[in-house]
Amino acid sequence: MSLLNAAERFASIDRSQITLDPKRCLHAQDQHSDCAACFEICPVQAIVIGKPPSLDSEKCESCLACLPVCPVGAFHADDDVADLLTSATHIEDQTVELLCGLHPHPESGVGSESIGIQIHGCLAGLGTGTLLALSALGIKRLTLRADSCSDCKWHSLHSQLHLQTKKATRFLSANEKDISIICVDEIETPVERPLWGAKDPPLSRRDLFRMMAKQGQVALARAMENGVTASKRQPGRDRLRLLSAVSHLPELDSSAGLNELNFATLTISQACTACGTCGRACPTEALRFEKNDEAMTHRLTFSAQNCIGCDLCEHVCMPDAISLNHAPIFEEVFGVKEAQVVESGSLVRCDRCKSLMAARDGMKLCPLCEYRRAHPFGSMMPKKVLRESRS
């Protein structure tokens, strides 16, 4: 095959086609997970309910709405966000309108002073993190065009678009940011205004000079997408974009709440046995367990920014040592830059099985051996799971 033919074949690949890695799905890691984000949002029922769910690629129409709602990034496809953020750096002192790829009249808008930017897929595929990232890049007035949703085959995503807008607006309002993000369902008198494609914004000579003066913003736009990949054990793309946006939004209110953004903090009680199960189970590495066999020590670190509040750590904790707070304030999540040590101490060996466990006064057997001594024919399960099975 010639290089030209190879290049043409590569260019013809539709990288917006969605793929699912079922091993990354929360249901593949936690049988008690109640996550329903992807199959509840799919407008064409291409995602089949299961533990984990499956993707019917023949039904899928690549609306991309599943990408930002998956908390662990189990779905993957190329979206227009990187190009959209770069396009935003070309704009100065104007209102931006965002339009989906199916909008029937993208050439007209809400005002002649605005610039329309059209993406492929549905606007619900952008996510709250992208809206905040655009705000961090200096866009002061952002309008999401939902005026054609009622006649669209993806019309069920209309409520999700409003929800994302509400979350972004609530976050900015709580932090007293003079930034407007609205979702419009109707335009009384459409007017002509410029229309850009996210991937190919026009570049005049003036734009080139302006871009040269705004290289810092261009670099910032690119940096916001760094790390938004399908690599294992990290939060989904919407969380990563939100984290990047927050790091570039100055003077944020430390007492502001983080409602509906799925953050959580945790505490560890003295019941912890240093088994390390929570760290191994955590799908985003918000929890990381480390032990030193030579020094006979252990420590458990926690990053609230990476925690998606999935409760998996709580489900697998045998001694019920983990308590989660699903309503943290900004300071509790973003007030520290590094992962914090939430449990540490010395290790000793169990008298019976010789496995390592946290050193506790009066304890000579690990919890499993202690349970087997008291219940020779029983099965040990996490206390939280037992409580749920009895209720």
Side-chain angles (χ1 to χ4, degrees), residues 37 67-73 79 81-82 84-86 88-89 96 98 125-142 144 163-182 214 216-229 231 233-266 282-287 301-310 324-340:
L67 300 184
V69 298
C70 180
V72 290
D79 55 27
V81 173
L84 176 61
L85 297 182
T86 301
T89 64
V96 173
L98 297 182
L126 295 177
T128 302
T130 298
L131 303 184
L132 292 176
L134 288 167
S135 301
L137 286 171
I139 301 299
K140 297 295 184 182
R141 295 175 298 280
L142 183 62
L144 284 77
L163 178 61
Q164 292 176 1
T165 305
K166 183 178 74 172
K167 288 180 180 180
T169 300
R170 181 177 295 170
F171 180 87
L172 293 169
S173 298
N175 288 283
E176 299 181 351
K177 295 298 178 183
D178 186 21
I179 300 171
S180 170
I181 301 179
I182 61 172
K214 297 174 68 174
Q217 274 192 301
V218 175
L220 174 57
R222 292 171 179 168
M224 283 186 174
E225 281 299 280
N226 288 344
V228 182
T229 65
S231 61
R233 301 196 72 184
Q234 66 176 13
R237 63 179 66 196
D238 194 51
R239 169 63 62 83
L240 295 176
R241 286 166 179 158
L242 186 150
L243 294 177
S244 183
V246 168
S247 68
H248 294 97
L249 282 168
E251 300 178 3
L252 295 174
D253 183 358
S254 62
S255 64
L258 297 171
N259 296 335
E260 298 182 302
L261 294 177
N262 297 326
F263 284 99
T265 56
L266 61 68
C282 181
T284 63
E285 289 194 332
L287 275 171
T301 60
F302 174 68
S303 169
Q305 296 182 25
N306 281 354
C307 179
I308 57 173
C310 66
L324 289 164
N325 169 26
H326 288 277
I329 62 173
F330 186 91
E331 177 66 22
E332 293 172 321
V333 174
F334 294 97
V336 290
K337 301 300 182 183
E338 304 293 334
Q340 300 296 294

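Side chain of Glu260 to main chain of Leu258: no donor-acceptor pair is present (N/O by atom type, distance under 3.5 Å, no hydrogens or angles). Within the 3.5 Å criterion, the main-chain N or O of Gly129 finds a donor-acceptor partner in the side chain of Asp238. The backbone N or O of Leu261 sits less than 3.5 Å from a side-chain atom of Arg239, completing a donor-acceptor pair. At least one donor-acceptor pair under 3.5 Å links the side chain of Gln164 to the backbone N or O of Gly127.
For the atom pair Ile139 CD1 and Leu131 CG, the distance stands at 12.0 Å (nearest 0.5 Å). Here the CG-CD1 distance, from Leu142 to Ile181, works out to 5.5 Å after rounding to the nearest 0.5 Å. In this structure, the separation between CG on Asn259 and CZ on Arg170 is 6.0 Å, given to the nearest 0.5 Å. The distance from atom CG of Leu144 to atom OG1 of Thr165, rounded to the nearest 0.5 Å, is 4.5 Å. A distance of 11.5 Å separates OG1 in Thr128 from CZ in Arg241, rounded to the nearest 0.5 Å. The CD atom of Gln340 sits 11.5 Å away from atom CG of Leu266, with the distance rounded to the nearest 0.5 Å.
Aromatic ring pairs are classed by plane angle as parallel below 30°, tilted from 30° to 60° and perpendicular above 60°; the pair Phe330 and Phe171 is tilted.
Contact annotation: the side chain of Leu85 approaches that of Leu134 to within less than 4.5 Å [non-hydrogen atoms, C-beta and beyond]. Between Val246 and Phe334 there is a side-chain heavy-atom pair separated by less than 4.5 Å. Proximity of Cys282 to Thr284: side-chain heavy atoms (C-beta onward) are separated by under 4.5 Å at one or more points. At least one side-chain heavy atom of Cys310 sits less than 4.5 Å from a side-chain heavy atom of Pro283.
Listed here is the closest heavy atom pair of Ala136 and Leu249: CA-CD2, 3.8 Å. In terms of heavy-atom proximity, Ile179 sits nearest to Ser135 at CG2-OG, 3.6 Å. Pairing each heavy atom of His326 with each of Ala264, the nearest pair is ND1-CB, 4.0 Å. For Val336 against Gln305, the heavy-atom pair with the smallest separation is O-NE2, 3.5 Å. Between Thr265 and Pro328, the shortest heavy-atom distance links the atoms CG2-CB, 3.9 Å.
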Next on the checklist: I'd like to know whether Ile329 forms a side-chain contact (heavy atoms from CB on, under 4.5 Å) with Asp253, so could you lay out the CA-CA distance, the side-chain angles of the two residues, the decisive distance to 0.1 Å, and finally the verdict.
Outcome noted: CA-CA 9 Å; Ile329 62 173; Asp253 183 358; over 6 Å; no

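Ion pairing between Glu285 and Arg233 holds under the 4.0 Å rule for side-chain N and carboxylate O.
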